[in-house]
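Take a look at the structure below.
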2 protein chains.
Amino acid sequence: MTSSLEAGIHSIAELSRGASDLLLHSTRQKPLAKGQVLLPEGQVCKTIWYVEKGYLRTFYNKDGKEINTRFSFENEFVTDLKSLRSGAPSAFWIQAGEAAVVWEFAKETLLDLYRQSAEIESFGRNLLEQMLVVQEDHANLFRIHSPTERYAYVARHFPQLLQRVSLSQLSSYLGMARETVSRIRKNR
Amino acid sequence: MTSSLEAGIHSIAELSRGASDLLLHSTRQKPLAKGQVLLPEGQVCKTIWYVEKGYLRTFYNKDGKEINTRFSFENEFVTDLKSLRSGAPSAFWIQAGEAAVVWEFAKETLLDLYRQSAEIESFGRNLLEQMLVVQEDHANLFRIHSPTERYAYVARHFPQLLQRVSLSQLSSYLGMARETVSRIRKNR
DNA sequence: ATCAACCTGTGACATAAATCACAAAATGAA
DNA sequence: TTCATTTTGTGATTTATGTCACAGGTTGAT
């Protein structure tokens with residue numbers, strides 16, 4: 001029972017045995033083939049996923065091109081918070097970038113648990129705060145740095161991203177042309 | 001008692017009279033002179049502010065230049081969430097951009113209230129979610145749009161920003177040179 | 001093993017925005 | 001009102017990055 005998920009939950013908030021069990025029993029594991037879609041654009045997001053293995057790719061379509069906004073690797077939680085919260089159709093796709101295993105948390109189930117357990121509501125709050133910080137960092141990545149600096153930043157702070165994600169996919173994530181990434185990579 | 005603050009709180013979450021009063025009594029009003037600093041870089045952020053009048057400017061120092069990351073106008077909540085949450089020194093300054101009136105919520109007081117009232121914890125969660133969405137939108141502004149497009153986006157969605165914030169301050173917010181903003185402005 | 005489909009590297013060229021320099025306009029203090 | 005200070009506008013020039021075009025490489029299916 002010392003699962004990756006349990007560790008992931010405890011990295012967000014300290015929970016009592018009881019609260020922890022409530023959460024663990026509200027979720028189920030789901031294996032994913034590479035390319036399998038968890039959330040298509042236009043669908044209302046009703047789930048939070050925890051990545052146990054592989055990675056998920058979040059992207060949207062701009063003029064027919066896929067723009068990646070996030071890669072979620074092992075032990076990360078991911079959702080489309082805006083859609084989840086507002087009930088509006090999602091502007092994003094979420095898809096497995098590799099063969100993957102995720103745990104699914106249904107929004108409605110979580111809301112029920114919040115009502116049952118203050119501890120779990122506190123967990124929910126911590127999870128959101130953490131997502132906020134991740135997002136803030138990523139916003140600043142674009143605000144602060146030029147394309148070349150962004151590559152260096154990611155190489156320094158998220159090296160596995162460069163190893164597991166293809167150059168083309170990376171380029172839209174970094175907000176620059178494929179060719180520019182290729183040239184930056186050459187000069188190192 | 002139908003204060004701006006009360007309306008601001010209710011725009012985040014529906015609260016019972018009791019919970020609402022608890023929150024309202026945990027805060028105090030603070031008038032600010034133009035330029036007055038609420039949070040200096042390096043200090044741990046322990047407060048969430050609600051802007052009743054005027055606006056607050058959030059910025060950091062990059063190589064001696066001030067880079068604005070946010071302008072918070074009437075009826076908005078603002079803090080440095082990363083510092084608030086982690087207790088790490090803030091990388092940002094928060095300062096009054098005009099003569100202003102704010103309401104201060106001390107972190108410790110809020111945490112006490114969370115323990116006392118599930119409703120207020122729920123309010124806290126909603127507030128964070130809303131901050132997350134605002135941040136996500138702003139991240140996308142940089143990811144999706146070129147400098148020229150960013151100006152157009154802000155003109156369309158946050159017109160008061162162009163009216164109340166000086167061109168120089170705006171330029172760092174939009175991530176472009178002062179001269180570029182001036183030229184864009186000419187061509188409209 | 002072969003072949004098609006996709007991914008990556010690289011040159012030539014175009015272009016938006018940055019930088020530099022300075023003039024004009026606006027603001028604010030005495 | 002006047003003068004100093006700050007902000008904004010604008011031309012000339014430079015530079016980073018994008019776009020286009022195409023040649024190798026890689027990968028995966030049959």
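Order of the sequence lines sets the chain letters (A, B, ...), proteins ahead of strands, with each chain counted from 1.
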Side chain to side chain contact (heavy atoms under 4.5 Å, CB included) evaluation trace for A/Phe77 with A/Phe105: CA-CA 10 Å; A/Phe77 287 89; A/Phe105 293 88; 4.0 Å; yes
Closest non-hydrogen atom pair between A/Pro147 and A/Ile184, with its separation: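 Smallest heavy-atom distance, with atoms named: O-CD1, 4.4 Å.
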Sugar-phosphate only, base, or nothing, as touched by A/Ser182 at under 4.0 Å among non-hydrogen atoms: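 If one applies the 4.0 Å heavy-atom cut-off, A/Ser182 turns out to touch a base.
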Sugar-phosphate only, base, or nothing, as touched by A/Ser168 at under 4.0 Å among non-hydrogen atoms: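 Sugar-phosphate, backbone atoms only, no base.
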Check against salt bridge (charged side-chain N to carboxylate O under 4.0 Å, His left out), B/Glu98 and B/Lys34: CA-CA 4 Å; B/Glu98 297 175 345; B/Lys34 176 173 178 173; over 6 Å; no
Nucleotide range of DNA chain D lying under 4.0 Å from chain A heavy atoms: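 Nucleotide range with atoms under 4.0 Å of chain A: D/dT17 to D/dA21.
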Members sharing A/Trp49's hydrophobic cluster (side chains within less than 4.5 Å):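 Once heavy-atom contacts under 4.5 Å are chained together, A/Trp49 belongs with A/Leu32, A/Leu38, A/Leu39, A/Val51, A/Leu56, A/Val78, A/Ile94, A/Val102.
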Between B/His138 and B/Tyr173, ring centroids under 6.0 Å: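 Yes - the distance between ring centres of B/His138 and B/Tyr173 falls below the 6.0 Å cut-off.
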Residue B/Glu179, side-chain atoms from C-beta onward, closest of C/dT10, C/dC7, C/dA21: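 Ranking C/dT10, C/dC7, C/dA21 by closest atom to the B/Glu179 side chain puts C/dA21 first.
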Charged tip of A/Arg164 within 45° of A/Phe71 ring normal and under 6.0 Å: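 Pair A/Arg164/A/Phe71 does not count as cation-pi.
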Geometric cation-pi criterion B/Arg57 and B/Phe59, 6.0 Å radius, 45° cone: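 Yes, a cation-pi geometry holds between B/Arg57 and B/Phe59.
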Closest-nucleotide 5' rank along DNA chain D - winner of B/Arg185 and A/Arg183: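 Result: B/Arg185.
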Closest-nucleotide ordering on DNA chain C, the 5'-leading residue of B/Ser146 and A/Val181: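 Checking each residue's closest nucleotide, the 5'-ward one belongs to A/Val181.
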Pair B/Thr27-B/Tyr50, side-chain donor/acceptor within less than 3.5 Å: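 B/Tyr50 and B/Thr27 do not have a side-chain donor-acceptor pair below 3.5 Å.
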Selection: residues 56-66 of chain A, any non-hydrogen atom under 4.0 Å of DNA chain C: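 None - not one residue of the stretch has a heavy atom sitting under 4.0 Å from the strand.
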